[in-house]
Undergrad: 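Structure incoming, see below.
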Amino acid sequence: MSAVQPVRGTHDLIGEEQRRHAHVVDTARTVTGLYGFEEWSTPIFEETAVFARSLGDTSDVVSKEMYTFPDRGGESLTLRPEGTAAICRALVTNGLTQSLPQKVFYTGPMFRYERPQKGRYRQFHQIGAELIGPAEPVADAEAIAMGRDVLGALGIADDVTLELNTLGDPESRAAWRKALIDYFSNFRDRLSQDSQDRLDRNPLRILDSKAPEDRALLPDAPMLVDYLNDHSKRFWDGLRAALGAFGVPFVENPRIVRGLDYYSHTAFEFVTTRLGAQGTVLAGGRYEGLVAEMGGPQTPAIGWAGGVERLAMLLENAPEKEAPIVVIPVGDAAEAPAIGVLTRLRYAGLRSEMAYRGNLKKRMERANRVGASHVVILGESEVAKGVVQMRDLSSGEQSEISVDRLIETLGEAPLRATVREYLGAILPPGLSAGKGA
RNA sequence: GCGGACGUAGCUCAGUCGGUAGAGCGCCGGUUUGUGGUACCGGUUGUCGCGGGUUCGAUCCCCGUCGUUCGCCCCA
């Protein structure tokens with residue numbers, strides 16, 4: 001059609017989809033709160049330098065995949081492609097490097113100029129967490145455990161595997177990287193065309209290549225484990241021990257790598273097989289040097305981010321729309337009293353709507369269609385007697401009752417999820433909300 | 001950026017070996033001027049993604065384009 005369309009790779013979130021997204025975000029906010037994390041909101045655009053610095057100038061990510069534009073003053077701005085760089089910038093700009101650790105939860109839209117695929121859009125949404133300050137592996141384990149609990153609270157932990165790796169510290173990684181280049185250079189002509197390019201540009205990426213000819217060379221490739229120095233080994237051992245203490249199962253996957261130099265030690269991905277090639281659902285790692293890039297002191301940090309679209313797709317059941325109560329006046333004379341009843345219901349905290357149109361049958365049909373739990377009917381005779389007809393739409397039972405009794409009765413009905421019920425429902429088995437904490 | 005598949009009613013899809021289209025669901029109305037969710041009856045819905053070409057004639061064939069989707073590249 002010639003009508004206007006949404007921009008490629010963007011989507012409207014309406015109805016069930018919006019409820020799924022909101023549920024993912026609300027759940028992550030609640031669970032990270034249990035770990036003492038606090039939400040930050042940063043602008044969705046920044047000076048281009050914020051992201052360009054974090055990525056290095058040569059990366060073609062910078063040139064090809066960011067939404068970058070000059071503003072009217074000629075300054076180069078970029079729609080944020082991820083959250084971590086902006087959080088580090090905010091840490092520095094707000095002088096919070098003086099009060100570490102900072103435990104940050106964030107959520108919101110991100111923008112990448114890429115070819116859309118399932119669960120991968122140009123405007124997409126992330127939830128993320130950064131634990132800034134600690135240099136101990138326990139912090140990494142805690143951040144990972146928190147990610148696991150978010151997935152658990154969403155009911156998808158069983159569909160997801162935690163894959164874990166260490167990248168070592170810069171010294172270890174440099175030694176390993178050199179060994180890798182030496183090794184693959186010997187077999188240059190047996191590598192795929194893509195990997196021959198990667199050998200010059202980003203040799204670690206050969207390790208997660210999907211091309212069979214590359215995979216054939218991997219078993220004999222140098223392993224980072226053999227190049228870890230003592231510090232890196234202790235960190236790696238400490239991480240795995242701490243994950244055990246947190247009760248987080250994992251599989252080691254030496255093929256998980258990160259392209260950028262400021263990553264060190266921990267790298268992890270929660271992966272599902274249910275989303276085709278876009279199976280990583282929540283991923284992160286330890287980074288050192290990014291805060292310094294933003295002009296702050298050298299500050300270690302561990303963080304992760306998860307794709308809301310992908311998580312929303314994995315939810316078994318879409319959250320139900322909350323059932324309203326529908327008030328139906330019969331006859332014009334009943335309309336004003338009906339508004340009075342409607343208002344009292346709302347002030348009592350009950351989601352309520354009024355059906356204005358059509359004959360009683362039509363209004364009942366409409367009440368049914370919006371998923372009402374109860375209908376409140378009042379016509380002339382009810383108004384005269386000061387009562388209403390309360391009908392339970394699931395049972396079909398109907399009774400004549402005073403407005404005071406109506407509010408009492410519906411107020412007791414489990415129409416609203418209380419905070420306690422919500423917490424009880426989202427926590428993984430074995431943990432209980434509120435008690436003994 | 002590269003390659004494959006797809007684009008027909010609000011939704012899911014059928015169809016025409018080239019003669020301007022149909023089903024189910026939904027929606028609206030009725031059977032029931034004060035009672036829904038099940039039944040029955042009736043009705044409504046389309047520039048067949050967009051632009052161009054071939055043809056007497058294109059939704060169908062060809063080219064382009066936009067969009068969707070699967071994979072590659074990339075994945076901060």
Side-chain angles (χ1 to χ4, degrees), chain A residues 1-11 14-15 50-56 59-66 78 80-88 110-122 124 126 128 192-195 197-198 201-202 204-205 208-211 256-263 267 269 275-280 283-285 287 290 293 303-305 307 310 326 328-331 334 355 357-383 388-398:
Chain A
M1 295 178 208
S2 56
V4 289
Q5 296 177 333
V7 171
R8 173 172 225 189
T10 67
H11 289 268
I14 294 174
V50 169
F51 305 111
R53 272 189 208 179
S54 71
L55 292 166
S59 163
D60 62 292
V61 166
V62 174
S63 50
K64 277 164 53 181
E65 296 182 10
M66 296 203 309
T78 295
R80 63 180 182 196
E82 54 107 22
T84 305
I87 295 293
C88 290
M110 308 288 167
F111 305 83
R112 294 182 189 176
Y113 192 89
E114 298 181 294
R115 191 76 179 256
Q117 284 178 45
K118 185 201 285 283
R120 180 175 181 170
Y121 306 108
R122 289 185 170 178
F124 60 105
Q126 284 189 331
S192 67
Q193 185 56 54
D194 284 334
S195 284
D197 296 340
R198 285 191 270 243
R201 214 177 56 243
N202 199 351
L204 269 52
R205 284 283 172 204
D208 60 3
S209 168
K210 288 162 188 162
I256 293 180
V257 295
R258 294 284 121 95
L260 303 170
D261 283 342
Y262 57 75
Y263 284 103
E269 298 184 357
L275 293 177
Q278 307 303 321
T280 300
Y287 52 95
L290 190 48
E293 287 286 346
W304 51 252
R310 295 184 193 177
V326 172
I328 301 181
V330 179
R357 271 192 83 175
N359 59 28
L360 181 52
K361 176 183 162 63
K362 289 301 159 204
R363 299 186 193 203
M364 287 294 289
E365 280 175 0
R366 179 177 145 66
N368 199 59
R369 201 163 348 118
V370 299
S373 62
H374 295 77
V375 157
V376 174
I377 303 163
L378 63 166
E380 269 181 61
S381 58
E382 284 82 6
V383 170
V388 298
Q389 301 291 334
M390 179 186 78
R391 185 178 180 87
D392 181 328
L393 284 188
S394 54
S395 68
E397 283 172 34
Q398 183 167 324

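Below, read A as the first sequence line, B as the second, and so on, with proteins coming before strands; counting in each chain starts at 1.
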Undergrad: Check the distance between B/C75's C1' and A/Y263's OH and give it to me in whole angstrom.
TA: 10 Å
Undergrad: Please measure how far the C1' atom in B/U16 lies from the corresponding atom in B/C75, and state the result in whole Å.
TA: 45 Å
Undergrad: How close or far is atom P of B/C73 from atom CG of A/D197, stated in whole angstroms?
TA: 11 Å
Undergrad: Please name all residues satisfying salt bridge (charged side-chain N to carboxylate O under 4.0 Å, His left out) with A/E380, sequence neighbours left out, ordered by chain then number.
TA: none
Undergrad: With C1' as the reference atom in both, quote the distance from B/U20 to B/C6 in angstrom, rounded to an integer.
TA: 23 Å
Undergrad: Here's a test of your reading of the structure: between A/P6 and A/D194, which maps to the more 5' nucleotide of RNA chain B?
TA: A/P6
Undergrad: What nucleotide, of B/G36, B/A76, B/C75, holds the atom closest to the side chain of A/R391?
TA: B/G36
Undergrad: With a non-hydrogen cut-off below 4.0 angstrom, is A/T84 in contact with a base, only sugar-phosphate, or nothing?
TA: nothing
Undergrad: Which value, in whole Å, describes the distance between the C1' atoms of nucleotides B/C25 and B/C70?
TA: 28 Å
Undergrad: Considering only atom P, compute the distance from B/G67 to B/U59 and round it to an integer number of Å.
TA: 23 Å
Undergrad: Under the salt bridge (charged side-chain N to carboxylate O under 4.0 Å, His left out) rule, collect the residues that match up with A/R366, sequence neighbours excluded.
TA: A/E353
Undergrad: Let me know, please, whether A/L360 or A/G9 comes out on the 5' side of the other along RNA chain B by nearest nucleotide.
TA: A/L360
Undergrad: Of the nucleotides B/C73, B/C75, B/A76, which has the atom closest to the A/N202 side chain?
TA: B/C75
Undergrad: Given the P atoms of B/C2 and B/U55, what is the spacing between them in whole Å?
TA: 33 Å
Undergrad: For B/G29, which nucleotide in any strand shown is its Watson-Crick or wobble partner with both distances under 3.5 Å?
TA: B/C41
Undergrad: Charged N to carboxylate O under 4.0 angstrom, A/R369 versus A/E365?
TA: no
Undergrad: Atom CZ in A/F51, atom OG1 in A/T84: separation rounded to 0.5 Å?
TA: 10.0 Å
Undergrad: Is a donor-acceptor contact shorter than 3.5 angstrom present between the side chain of A/S381 and the base of B/G34?
TA: yes
Undergrad: Between the protein and nucleotides 28-32 of chain B, which nitrogen or oxygen pairs come in under 3.5 angstrom?
TA:
none

Undergrad: Would a 4.5 Å heavy-atom cut-off, applied to side chains only, mark A/H11 and A/R122 as touching?
TA: no
Undergrad: Return the pairing partner of B/C13 with a 3.5 Å limit on both distances, Watson-Crick or G-U wobble; otherwise return none.
TA: B/G22
Undergrad: What is the distance, rounded to the nearest whole Å, between atom CG of A/D208 and atom C1' of B/A76?
TA: 14 Å
Undergrad: Would you mind pulling out the nucleotide paired to B/C6, Watson-Crick or G-U wobble, both distances under 3.5 Å?
TA: B/G67
Undergrad: When we call it a touch if two heavy atoms are under 4.0 Å apart, what does A/Q193 touch: a base, just sugar-phosphate, or nothing?
TA: nothing
Undergrad: Between A/M66 (CE) and B/A76 (C1'), how many Å, whole number?
TA: 10 Å
Undergrad: Give the nucleotide from the list B/C74, B/G36, B/U35 with an atom nearest to the side chain of A/Q398.
TA: B/U35
Undergrad: Set out, line by line, the N/O atom pairs under 3.5 Å between protein and nucleotides 69-71 of chain B.
TA:
from: B/C70; atom 1: OP1; to: A/K118; atom 2: NZ; distance (Å): 3.3
from: B/C70; atom 1: OP2; to: A/K118; atom 2: N; distance (Å): 2.8
from: B/G71; atom 1: OP1; to: A/A277; atom 2: N; distance (Å): 3.0

Undergrad: Mark yes or no for a side-chain to base donor-acceptor pair under 3.5 Å between A/N368 and B/G36, with no hydrogen or angle criteria applied.
TA: yes
Undergrad: The criterion is salt bridge (charged side-chain N to carboxylate O under 4.0 Å, His left out); which residues satisfy it with A/E114, sequence neighbours excluded?
TA: A/R120
Undergrad: Taking OP1 and OP2 of B/C75, is either one under 4.0 Å from a side-chain nitrogen or oxygen of A/R205?
TA: yes
Undergrad: In the structure shown, which nucleotide is the Watson-Crick or G-U wobble counterpart of B/C72, with both distances under 3.5 Å?
TA: B/G1
Undergrad: Could you tell me whether the side chain of A/R391 and the main chain of A/V375 form a donor-acceptor pair under 3.5 Å?
TA: no
Undergrad: With respect to the side chain of A/L393, which nucleotide from B/G36, B/A76, B/U35 is positioned closest?
TA: B/G36
Undergrad: Which nucleotide in the set B/A76, B/G34, B/C73 lies at the smallest distance from any side-chain heavy atom of A/V330?
TA: B/G34
Undergrad: Indicate, with a heavy-atom threshold strictly under 4.0 Å, whether A/R198 touches base, sugar-phosphate, or nothing.
TA: sugar-phosphate
Undergrad: Under 4.0 Å from OP1 or OP2 of B/C74: is there any side-chain N or O of A/R201 that close?
TA: yes
Undergrad: Can you say whether a donor on the side chain of A/E380 sits under 3.5 Å from an acceptor on the base of B/G34, or the other way round?
TA: no
Undergrad: Expressed in angstrom and rounded to an integer, what is the separation of A/R310 atom CZ from B/C75 atom P?
TA: 14 Å
Undergrad: With no hydrogens and no angle check, do the side chains of A/Q126 and A/E82 hold a donor and an acceptor under 3.5 Å apart?
TA: no
Undergrad: So A/G331, base contact, sugar-phosphate only, or nothing? Heavy-atom distance under 4.0 Å.
TA: nothing
Undergrad: Should B/C61 form a Watson-Crick or G-U wobble pair with both distances under 3.5 Å, which nucleotide is its partner?
TA: B/G53
Undergrad: Looking across every strand, which nucleic acid part, if any, lies under 4.0 Å from A/G285 by heavy atom: base, sugar-phosphate, or nothing?
TA: nothing
Undergrad: Let me know which of A/Q389, A/E382, A/M390 forms a side chain to side chain contact (heavy atoms under 4.5 Å, CB included) with A/I377.
TA: A/Q389
Undergrad: Determine the interatomic distance between C1' on B/A9 and the same-named atom on B/G46; round to the nearest Å.
TA: 5 Å
Undergrad: Roughly, in whole Å, what's the span from CZ in A/R112 to P in B/G1?
TA: 18 Å
Undergrad: Please answer whether the main-chain N or O of A/T280 pairs with a side-chain N or O of A/R310 as donor and acceptor at a distance below 3.5 Å.
TA: yes
Undergrad: Are A/T78 and A/V50 side-chain neighbours, meaning at least one heavy-atom pair lies under 4.5 Å?
TA: no
Undergrad: Measuring only the C1' atom in each nucleotide, how far is B/G53 from B/C72? A whole number of Å is fine.
TA: 33 Å
Undergrad: Please state the C1' separation for the pair B/A58 and B/U47 - nearest whole angstrom.
TA: 14 Å
Undergrad: Just how far, in rounded Å, is C1' of B/U35 from CE of A/M364?
TA: 5 Å
Undergrad: Base, sugar-phosphate alone, or nothing: which one does A/E269 contact when heavy atoms must sit under 4.0 Å apart?
TA: nothing
Undergrad: Counting any heavy atom closer than 4.0 Å, what does A/T280 reach on the DNA or RNA strands: base, sugar-phosphate only, or nothing?
TA: nothing
Undergrad: Would you kindly give the CZ-to-P distance between A/R366 and B/G26, to the nearest whole Å?
TA: 18 Å
Undergrad: Restricting to salt bridge (charged side-chain N to carboxylate O under 4.0 Å, His left out), what partner residues turn up for A/E269, sequence neighbours left out?
TA: A/R258
Undergrad: State, yes or no, whether a side-chain contact exists between A/S209 and A/R198 at a heavy-atom distance under 4.5 Å.
TA: yes
